[in-house]
Number of protein chains: 2
Amino acid sequence: MSRNLNIPGTLAATMTATTPGTVGVLLRLAKMVHRRSTEELLGMRLRQYQLLYAVRESAPMRQQDLCERLWLDPNNCVLLLNEVEALSYVERRRDEEDRRRHVVDITPEGRRALERAEQAQAGLEGEILGALSEEERETLYRLLSKALEAQRG
Amino acid sequence: MSRNLNIPGTLAATMTATTPGTVGVLLRLAKMVHRRSTEELLGMRLRQYQLLYAVRESAPMRQQDLCERLWLDPNNCVLLLNEVEALSYVERRRDEEDRRRHVVDITPEGRRALERAEQAQAGLEGEILGALSEEERETLYRLLSKALEAQRG
DNA sequence: TATTGTTATACTCTATAACTATA
DNA sequence: TATAGTTATAGAGTATAACAATA
């Protein structure tokens with residue numbers, strides 16, 4: 001019975017607590033993405049890419065909001081920002097309305113590097129999801145997003 | 001244009017290289033699972049649970065095969081096995097046919113601990129995927145598995 | 001000589017707490 | 001005093017290389 005917990009599509013899947021299998025497969029795929037998202041491929045570290053991606057989406061933005069968006073502790077966020085700023089991909093400046101705060105913005109150089117990294121990441125995604133049709137990929141994106149959105153509350 | 005790369009369902013999604021968005025969402029969900037799969041919840045570390053799960057599936061099995069299945073380097077596999085063996089959840093013994101090899105097996109105590117961890121993990125999965133219907137969860141499992149299977153070659 | 005497992009070591013990522021400056 | 005950011009430090013996870021036992 002406990003064995004069936006791992007096999008969706010069986011009677012066990014009708015129980016309240018669904019199978020741990022979906023999360024298991026999710027973690028394995030994530031591990032593969034991490035392994036293959038090398039600095040050589042992206043032109044920067046995966047974490048730097050993720051930060052840069054988030055910054056561009058809302059730049060200029062407060063450092064605090066950036067940290068929250070990335071689920072990073074403030075200290076980790078600082079360390080990561082130091083790296084990306086050293087690469088001249090982002091700039092930090094004081095918020096003149098509240099000088100305790102920092103405002104983060106992406107630089108033109110950062111945008112160029114991000115676009116290159118995006119192309120590489122898209123290529124990797126094409127390999128990772130290569131077995132799925134376009135329709136299946138959109139379904140996957142929709143389901144993952146739906147699950148993620150529900151967690152934000 | 002590069003912005004659209006992140007939005008499936010738009011024209012960009014029809015390009016050869018699909019959006020990096022799906023992988024991005026996948027990584028965020030995985031991060032959440034890691035954060036919430038605490039030792040307090042599972043009764044053991046997540047990595048130990050994953051190892052134990054794999055061992056039960058094929059026990060008794062060769063240590064080498066176990067490492068490969070978990071995508072662990074031999075050294076990391078040894079360290080992790082040391083932990084789980086110290087908990088008396090698995091046992092290692094020499095393979096009498098080839099005394100260089102070790103054979104790993106799960107103990108009755110290991111099975112009990114694993115079953116408890118599975119219940120907890122199933123509960124967590126229910127929370128993580130709470131926004132999805134039963135049918136959607138099965139679809140998600142099928143798509144993730146399909147992508148994963150294709151990577152094995 | 002090649003293979004299995006182990007040990008030593010270092011590097012990345014993450015988490016906790018204390019500190020600085022501004023409010 | 002409370003908050004935003006920073007620094008210091010330690011822990012967990014991972015990777016590379018060297019080593020021991022066995023084939």
Side-chain angles (χ1 to χ4, degrees), chain A residues 27-28 30-42 44-52 54-55 60-87 90-105, chain B residues 27-28 30-42 44-52 54-55 60-87 90-105:
Chain A
L27 292 179
R28 286 175 74 83
K31 187 172 187 174
M32 165 164 291
V33 172
H34 273 286
R35 286 237 176 125
R36 297 177 63 173
S37 297
T38 61
E39 185 169 2
E40 184 185 11
L41 176 72
L42 298 180
M44 66 184 81
R45 293 179 192 281
L46 177 60
R47 305 176 76 239
Q48 297 170 342
Y49 166 70
Q50 291 172 324
L51 179 135
L52 207 50
V55 171
M61 68 191 305
R62 286 186 305 180
Q63 183 166 323
Q64 192 177 21
D65 296 335
L66 177 62
C67 296
E68 284 176 12
R69 188 182 163 77
L70 294 171
W71 294 344
L72 283 176
D73 294 328
N75 52 38
N76 293 322
C77 194
V78 166
L79 297 174
L80 183 54
L81 269 170
N82 290 345
E83 293 175 18
V84 183
E85 190 171 39
L87 293 169
V90 300
E91 284 175 352
R92 270 180 291 192
R93 58 175 184 273
R94 290 280 174 189
D95 182 345
E96 291 305 325
E97 295 179 2
D98 183 342
R99 293 189 52 74
R100 289 174 304 185
R101 291 175 174 164
H102 277 177
V103 173
V104 183
D105 206 347
Chain B
L27 293 179
R28 286 174 75 83
K31 187 172 186 173
M32 165 163 288
V33 172
H34 274 285
R35 286 238 176 124
R36 297 176 64 173
S37 297
T38 62
E39 184 168 4
E40 183 185 12
L41 177 72
L42 299 180
M44 66 185 80
R45 292 181 194 279
L46 177 59
R47 306 176 76 238
Q48 297 170 341
Y49 166 69
Q50 291 172 324
L51 178 136
L52 206 52
V55 171
M61 69 192 305
R62 287 185 304 178
Q63 183 166 323
Q64 191 178 21
D65 295 335
L66 177 62
C67 296
E68 284 177 13
R69 188 182 163 75
L70 293 170
W71 294 344
L72 283 176
D73 293 329
N75 52 38
N76 292 322
C77 194
V78 167
L79 297 174
L80 183 55
L81 270 171
N82 289 346
E83 293 175 19
V84 182
E85 191 171 40
L87 293 168
V90 299
E91 284 175 352
R92 270 180 290 192
R93 60 175 183 273
R94 290 278 175 190
D95 183 345
E96 291 305 326
E97 295 179 2
D98 183 341
R99 292 187 52 74
R100 289 174 302 183
R101 293 175 172 165
H102 276 176
V103 173
V104 183
D105 206 346

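FYI, side chains are in, hydrogens and waters are out, and symmetry mates aren't considered; it's all heavy atoms of this structure. These numbers were taken from a predicted model, which means no experiment stands behind them. Protein chains get the first letters and strands the later ones, always in sequence-line order, with residue 1 at the start of each.
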Heavy-atom donor-acceptor pair, A:E85 side chain to A:N82 backbone, under 3.5 Å: no
Short side-chain donor-acceptor distance under 3.5 Å, A:N76 and A:R47: no
Rounded distance in Å - CZ (B:R101) to C1' (C:dA2): 12 Å
Within 6.0 angstrom of B:E91 CD, more than 12 heavy atoms from elsewhere: no
For B:V78 against B:Q63, the heavy-atom pair lying closest together: CG2-NE2, 3.6 Å
Given D:dA2, D:dT14, C:dG5, the nucleotide with the shortest approach to the side chain of B:Q64: C:dG5
Of A:C67 and A:R35, the one whose closest DNA chain D nucleotide lies more 5': A:C67
Any B:R45 side-chain nitrogen or oxygen under 4.0 Å from OP1 or OP2 of D:dA12: yes
Rounded distance in Å - CD (B:Q50) to P (D:dG13): 10 Å
Nucleotide of C:dA15, D:dA4, C:dT6 approaching B:Q63 most closely (side-chain heavy atoms): C:dT6
Side-chain N,O (A:H102) to OP1/OP2 (D:dT6) below 4.0 Å: yes
5'-most by nearest nucleotide on DNA chain D - A:K31 or A:R92: A:R92
Sugar-phosphate, base or nothing in reach of A:R62, heavy atoms under 4.0 Å: nothing
Main-chain N/O of B:D65 paired to B:E68 side chain as donor or acceptor, under 3.5 Å: no
First encountered from the 5' end of DNA chain C, between A:R94 and A:R47: A:R47
Sugar-phosphate, base or nothing in reach of A:D98, heavy atoms under 4.0 Å: sugar-phosphate
Rounded interatomic separation in angstrom, taking CG from B:D65 and C1' from C:dT3: 14 Å
Positions of residues 69-86 of chain B (non-hydrogen atom under 4.0 Å from DNA chain C), listed by number: B:P74, B:N75, B:V78
Interatomic distance where CG belongs to B:L51 and P belongs to D:dG13 [whole Å]: 13 Å
Length of the line joining A:E96:CD and C:dA23:P, which is rounded to integer Å: 9 Å
Separation of atom NE2 in B:H34 from atom P in C:dA15, rounded to whole Å: 11 Å
Test log, rule side chain to side chain contact (heavy atoms under 4.5 Å, CB included), inputs A:R100 and A:D95: CA-CA 7 Å; A:R100 289 174 304 185; A:D95 182 345; over 6 Å; no
With B:R101 via salt bridge (charged side-chain N to carboxylate O under 4.0 Å, His left out) - residues at least two apart: B:D98
